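Beneath this line is the structure, given in structure tokens, with notes to follow.
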Amino acid sequence: MPRSEPIKAVRGVRDILPAELPLWHAAELAATAVARRFGYEEIVTPILEHAELIERAGENTDAFAKELYRFDDRGGRALALRPEATAGVVRAYFERGLNQGPQPARLYLTGPMFRYDRPQKGRYRQFYQLDVEAIGSAAAALDVEVIELARDWLREVGLGDLRLELNTIGDSKCRPAYLERLRDYYRPLKEKLSPDSQQRLERNPLRLLDSKSEQDAPFKSSAPQITDHLCDECAAHWELVRRLLDSAEIEYTLNPYLVRGLDYYTRTVFEFFPSGAAGQQDALGGGGRYDGLAEAEGWPPTAAVGFASGLDRVTELMAATGVDVIARPPADVLVVPDGDLVVAAAEVARICRAVRSTAVDYESKSLAAKMRAANKLGAKWVVLLTPDAASRRSAQLRDMTSGEQEELEWVELPTRLA
RNA sequence: GUGGCUAUAGCUCAGUAGGCAGAGCACCAGAUUGUGGAUCUGGGUGUCGCGGGUUCAAGUCCCGCUAGCCACCCCA
């Protein structure tokens, strides 16, 4: 019979293998430890949400239209695989009554997110994020708390050599007027801008500021800056954020071109970069205030601030930085039956498992090959069963480090292995 | 969504001017009358990504598709 084409993984997704997982676990363990230290509790929200929840906030942006994993289920409901965690966490905060408890709700989450974009290095259609949210407070101190938490986590996973970039983008009171000024500045220059930026001019002028096109670069420096046009409340918030960062001795660089494309973002925005590289693709994580999101989802207006980081990139960088994670052998003990001693081997393994992780080599190959396998596995001991010894309920216990070997009764194994 | 590069053994890859499918590693076996690591010897395990086309002959040339990598768009 002809072999059929083997079915491979879906485009843009990947498996994380046993050898890589210690690194991921180290990253997540550090996240849990740091989050708890700051009084944040874990929450798990569904991967599936109503497409509308995701689309409410940014319906007319390209990213939503183009990159949302969206489909109709069997009942005809329009669903989406979450592209980020915040929308779902905010939904849960209201829907499940976390808004009834002490405010703000301090929450964190790790899990898979989905974007239908073209895969490339460090960018997958299914990727993983750490997400931290403080919902239900407008306190500037929380902006700094989230930044400090994020910084501590990155330090803890060995990526402490960081650059923090910081900006404010105002709020619904002061931003519209600023955007008008920005348009007024750029309109006479329109013909000289890149085609992309000409489009941005009317639709999303903030984006002009973080354009990567060299054609746009000369005009940036004299463009009006939002920090000169903040309303009193936003200016006070911005002032307090920086004062708190100073007192926490957290260094940052002001980047007036750091923006967010969506309307519900307000005031503080920040991003972490490895101190070496400056490219936008190298960001280790970022976040900011989103005081307008709850309302965009149809809930009462509620202030919140958050941070998200891509674990794919963080773990990749951890590996590159040489973060050493102890790789443990899958089993301390390998039971090696000689010949047809399957039943005895299973029983001996059962005895050993009382004190040590134990695997059995059931393959029909030579003893030398089985010993090779035991060595490769990294087993500390081999329990060798021969028909003769097995009939006396005995076995050879071999210490793979020293090479010493002695015959023991099966019942003695737990004491010797402990 | 756009562009460039790539796809050959389990893995990394070589394969000339179109003419019998190769190497290293891994794996299996033996040297070792069944006891790992080191060494030596032997063994190729294959739908040359998939589908068409050109040709006496295609891994090689042409077209389409799929996938990967890289960059763009975008990054909520």
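These numbers come from a predicted model, not from an experiment.
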Rounded distance (Å) that lies between atom P of B:C75 and atom CG of A:Leu206: 12 Å
Side chains of A:Arg289 and A:Thr168 only: does a donor on one sit below 3.5 Å from an acceptor on the other? no
Nearest-neighbour nucleotide for the A:Glu84 side chain, B:A76, B:G36, B:G3 considered: B:A76
Using the C1' atom as the reference point in each nucleotide, state the distance between B:G22 and B:C48 in Å, no decimals. 12 Å
Can you figure out which of B:C73, B:G36, B:G1 approaches the side chain of A:Asp196 most closely? B:C73
Identify which nucleotide among B:C28, B:G37, B:C75 has an atom closest to any side-chain atom of A:Lys365, counting heavy atoms from C-beta outward. B:C28
Test for a donor-acceptor pair under 3.5 Å between the base of B:U66 and the side chain of A:Arg11, counting only N and O atoms. no
Against the side chain of A:Lys66, the closest entry in B:G37, B:C74, B:A76 is B:C74
How far does the P atom of B:U8 sit from the matching atom of B:G15, given to the nearest Å? 13 Å
Quantified in whole Å, what is the P atom distance between nucleotide B:U12 and nucleotide B:A17? 26 Å
Where the side chain of A:Asn375 is concerned, which of B:C73, B:G36, B:U35 is the nearest nucleotide? B:G36
Tell whether A:Arg260 reaches the base of B:A76 with its side chain through a donor-acceptor pair below 3.5 angstrom. no
Distance-only criterion, 3.5 Å: show the donor-acceptor pairs between side-chain atoms of residues 410-418 of chain A and protein atoms not counting sequence neighbours.
{"residue": "A:Trp410", "atom": "NE1", "partner": "A:Ser394", "partner atom": "O", "Å": "3.0"}
{"residue": "A:Glu412", "atom": "OE2", "partner": "A:Glu409", "partner atom": "N", "Å": "2.9"}
{"residue": "A:Thr415", "atom": "OG1", "partner": "A:Glu412", "partner atom": "O", "Å": "3.3"}
{"residue": "A:Arg416", "atom": "NH1", "partner": "A:Glu406", "partner atom": "OE1", "Å": "3.4"}
{"residue": "A:Arg416", "atom": "NH1", "partner": "A:Glu406", "partner atom": "OE2", "Å": "2.8"}
{"residue": "A:Arg416", "atom": "NH2", "partner": "A:Glu406", "partner atom": "OE2", "Å": "2.6"}

Stems for RNA chain B (at least 3 consecutive Watson-Crick or G-U pairs, under 3.5 Å) come to B:1-7 with B:66-72, B:10-13 with B:22-25, B:27-31 with B:39-43, B:49-53 with B:61-65
Same-atom distance (C1') from B:C20 to B:G46, integer angstrom: 15 Å
Judged by modelled atom types alone, do A:Glu133 and A:Tyr290 share a side-chain donor-acceptor pair under 3.5 Å? yes
What's the closest nucleotide to the side chain of A:Pro119 if the choices are B:G36, B:G68, B:A76? B:G68
Return yes if the base of B:U35 and the side-chain atoms of A:Gln405 contain a donor-acceptor N/O pair under 3.5 Å, otherwise no. yes
Looking at the side chain of A:Gln396, which of B:U35, B:C75, B:G4 is the nearest nucleotide? B:U35
Compare the minimum distances between each of B:C72, B:A76, B:U35 and the side chain of A:Arg207, then state the nucleotide with the smallest one. B:A76
